[in-house]
Amino acid sequence: LVSYNAMVAVYAQTGHLHDSKRVFDDMPVHDLISFNAIAGAYSHTGHLQDAKEMFDTLPERDLVSWTGMLTAYTRSGHLQDAKGIFCDMPQRDIVSWTAMLTAYARLGYLESAKSMFDSIPQRDCVCWSAMISVYGQKGQIDGAKRVFEDMPERNMVSWSSMLAAYAQNGHLNDAKVLFESMPYRDLMTWTTMLTVLTEEDRVDDARVLFDEMPQRDIVTWTAMLAAYTRNGHLENAKHLFDRIPQLNQICCNAMLDAYAQNSQLKEALEMFHKIHERDVACWSVMIYAYAHNGHLDLARKVLETMPERNIASWGAMLSGYSLTGHFLRVFEVLDLFRLIECPDSVCFVAIFGACNYIGKMEAGRQWFLSMIMDYKVEPT
RNA sequence: UUGGAGGAUAGGCGA
């Protein structure tokens, strides 16, 4: 039973749902660990419904089952359900507290995340590191640094979280200093440093680092590809892409983006069609590609065809219209989403452009006030 | 043997 469970778990962790399920179905008896493991497989592969069904039909549930379900909801963006699970679970421990902390942060409730953190009695390295990451994702470097310095002991992930917090918020020098002083480095921290070099437009140094890295994985390859794209080296990007050992959805998106940024519409479209499981980013790149090559109508069609939209997809369309002088279209599209999605700073740049162009300075001022008061978007 | 924390891709400005 232990070996079977271990196999289910290994396949689950590597995202091989079918193999995981096959082993699960083949095993003679199941215990709670097997059920939890297969539920985790569903959750890891984004099959929220199946995970929930498994959870609901469990004859008994332990802390692992409850926390697993909490995480499944968090991963799929169902924060209210995550909170419901947290409230309903009969006991909680440091793992579930940390899971809930992360869930709050995802929803944007930094304060709730913080008070959850503060209320954890015996904090371990994981919840400290989670808190660093929360501050980092919120752009609050000082908070991240304070947590990092306050924690009683640090592990690989703590250092790595702090490094990522610096890198993702443009504190490139701090990132470099921290990297030099790190007691350990691994694939993830190396990759973070690759993105730091990229942001500094040191693409050649990035390539040297890439070549010298002791290991590379798909994330590293994609980071290098993005480095070439950012610096306009389409040929190098193509070359690199052809050498990637195992393609995934994200690196294909990155290549699609390389074509889009370089106005290679035909190649972009070709790549788009090669991608079968398209996510929001993939579709949004196509909006960008069309909008920046004079095909506003096709961009709009993509916007309307894509299965789901987020603020970046709306923003791509808005910017496309604004930059090409289709100012009435800006407001037309804005009306399509402003009640369901909060416009962000990119959207407002497009809106102000539209207002200025058609001479409606007063309307622009109103939008500016509304941005701050109603939408809580800070001017940048 | 099952649950919690870190790295890559999309929109304006910048580059």
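The figures that follow rest on heavy atoms only: side chains count, while hydrogens, waters and symmetry mates do not. So you know, we letter chains A, B, ... as the sequences are listed, proteins then strands, and number each from 1.
For the side-chain contact (heavy atoms from CB on, under 4.5 Å) with Arg207(A), the qualifying choice from Val203(A), Asp211(A), Asp204(A) is Asp211(A), the only one to do so.
Heavy atoms of Gly68(A) sit under 4.0 angstrom from primed sugar atoms or phosphate atoms, though from no base atom. Contacts of Thr195(A) with the nucleic acid, taken as non-hydrogen atoms under 4.0 Å apart, involve only primed sugar atoms and P, OP1 or OP2. Here Asp31(A) lies out of heavy-atom contact (under 4.0 Å) with every strand. Ser161(A) comes within contact range of the sugar-phosphate backbone alone, with a heavy-atom separation under 4.0 Å but no base atom that close. Backbone-only engagement by Ala164(A) is indicated by non-hydrogen atom pairs under 4.0 Å involving sugar-phosphate atoms exclusively. Using a 4.0 Å heavy-atom cutoff across all strands shown, Ile287(A) reaches no nucleic acid atom at all. Residue contacts shown for Ala223(A) are limited to sugar-phosphate atoms, with no base heavy atom under 4.0 Å away. Among the protein residues, Leu187(A) comes within range of the nucleic acid bases, having at least one heavy atom under 4.0 Å from a base atom. Heavy atoms of Cys282(A) sit nowhere under 4.0 angstrom from any nucleic acid atom. At a threshold of 4.0 angstrom between heavy atoms, the contacts of Asn231(A) with the nucleic acid are absent. Contact annotation for Ile94(A): base contact, defined as any heavy-atom pair under 4.0 Å involving a base atom. Here Met156(A) lies in heavy-atom contact (under 4.0 Å) with a base.
Of the candidate nucleotides U2(B), A15(B), G4(B), A15(B) has the atom nearest to the side chain of Arg230(A). Considering only side-chain atoms of Thr192(A), the nucleotide from G11(B), G7(B), G3(B) that sits closest is G7(B). Of the candidates A10(B), G7(B), G4(B), the closest approach to any side-chain atom of Val126(A) belongs to G4(B). When each of G6(B), G4(B), U9(B) is scored by its nearest atom to the side-chain atoms of Met188(A), the top-ranked nucleotide is G6(B). In this structure, the nucleotide among U2(B), G12(B), G6(B) sitting nearest to the side chain of Thr380(A) is G12(B). With G4(B), U9(B), G12(B) as the choices, the nucleotide that has an atom nearest any side-chain atom of Val95(A) turns out to be G4(B). You'll find that the side chain of Thr222(A) is closest to U9(B), out of G6(B), A5(B), U9(B). Between G12(B), A5(B), U1(B), one nucleotide has an atom nearer to the side chain of Thr102(A) than all others, and that is A5(B). For Asp186(A), the side-chain atoms get nearest to G6(B) when compared with the rest of G6(B), G12(B), U9(B). For Gln261(A), whose side chain is taken as the heavy atoms from C-beta onward, the closest listed nucleotide among G4(B), G11(B), G6(B) is G11(B).
The distance between atom CG of Leu197(A) and atom C1' of A15(B), rounded to the nearest whole Å, is 16 Å. Here G6(B) presents its C1' atom at 18 Å from OH of Tyr135(A), a figure rounded to the nearest Å. Straight-line distance from the NZ atom of Lys21(A) to the C1' atom of U2(B): 17 Å, rounded to whole Å. At whole-Å resolution of the value, OH in Tyr11(A) and P in U1(B) are 17 Å apart. The distance from atom CG of Leu318(A) to atom C1' of G12(B) is 10 Å, rounded to the nearest whole Å. In this structure, Tyr288(A) atom OH and G11(B) atom C1' are separated by 9 Å, rounded to whole Å. Atom CH2 of Trp367(A) is separated from atom C1' of G12(B) by 16 Å (rounded to the nearest Å). When the C1' atom of U9(B) is taken as reference, atom CH2 of Trp221(A) falls 16 Å away, rounded to whole Å.
Side-chain contact between Lys145(A) and Glu149(A) is present, with heavy atoms from C-beta onward closer than 4.5 Å. Gln246(A) is not listed as a side-chain neighbour of Ile218(A), based on a closest heavy-atom distance of 4.5 Å or more. Annotation: side chain of Leu58(A) is in contact with side chain of Asn36(A) (closest heavy-atom distance under 4.5 Å).
Within 3.5 Å, no donor on the side chain of Asp279(A) pairs with an acceptor on the base of A10(B), nor the reverse. Residue-to-nucleotide contacts include no donor-acceptor pair under 3.5 Å from the side chain of Ser319(A) to the base of G11(B). The base of G4(B) sits with one of its N or O atoms less than 3.5 Å from a complementary donor or acceptor on the side chain of Thr98(A). Below the 3.5 angstrom threshold, one finds a donor paired with an acceptor across the side chain of Asp124(A) and the base of G4(B).
Looking only at atom types and distance, the side chain of Tyr290(A) has no donor-acceptor partner in the side chain of Arg300(A) under 3.5 Å away. Counted by atom type alone, Glu199(A) and Thr195(A) present zero donor-acceptor pairs between their side chains at under 3.5 Å.
In this structure, Met255(A) CE and Thr229(A) OG1 are separated by 6.5 Å, a value rounded to the nearest 0.5 Å.
Remark: His30(A) is not in phosphate contact with U1(B), judged by side-chain N or O atoms under 4.0 Å from OP1 or OP2. At U1(B), none of the side-chain N or O atoms of Gln13(A) fall inside 4.0 Å of OP1 or OP2 (strictly under the cut-off).
Taking the six-membered ring where the residue is Trp, the centroids of Phe117(A) and Trp128(A) are separated by under 6.0 Å.
Projected onto RNA chain B by closest heavy-atom contact, Glu199(A) and Ile250(A) fall at different nucleotides, the more 5' of which corresponds to Ile250(A). Heavy-atom distances to RNA chain B give each of Asp201(A) and Asn248(A) a nearest nucleotide, and the one nearer the 5′ end belongs to Asn248(A).
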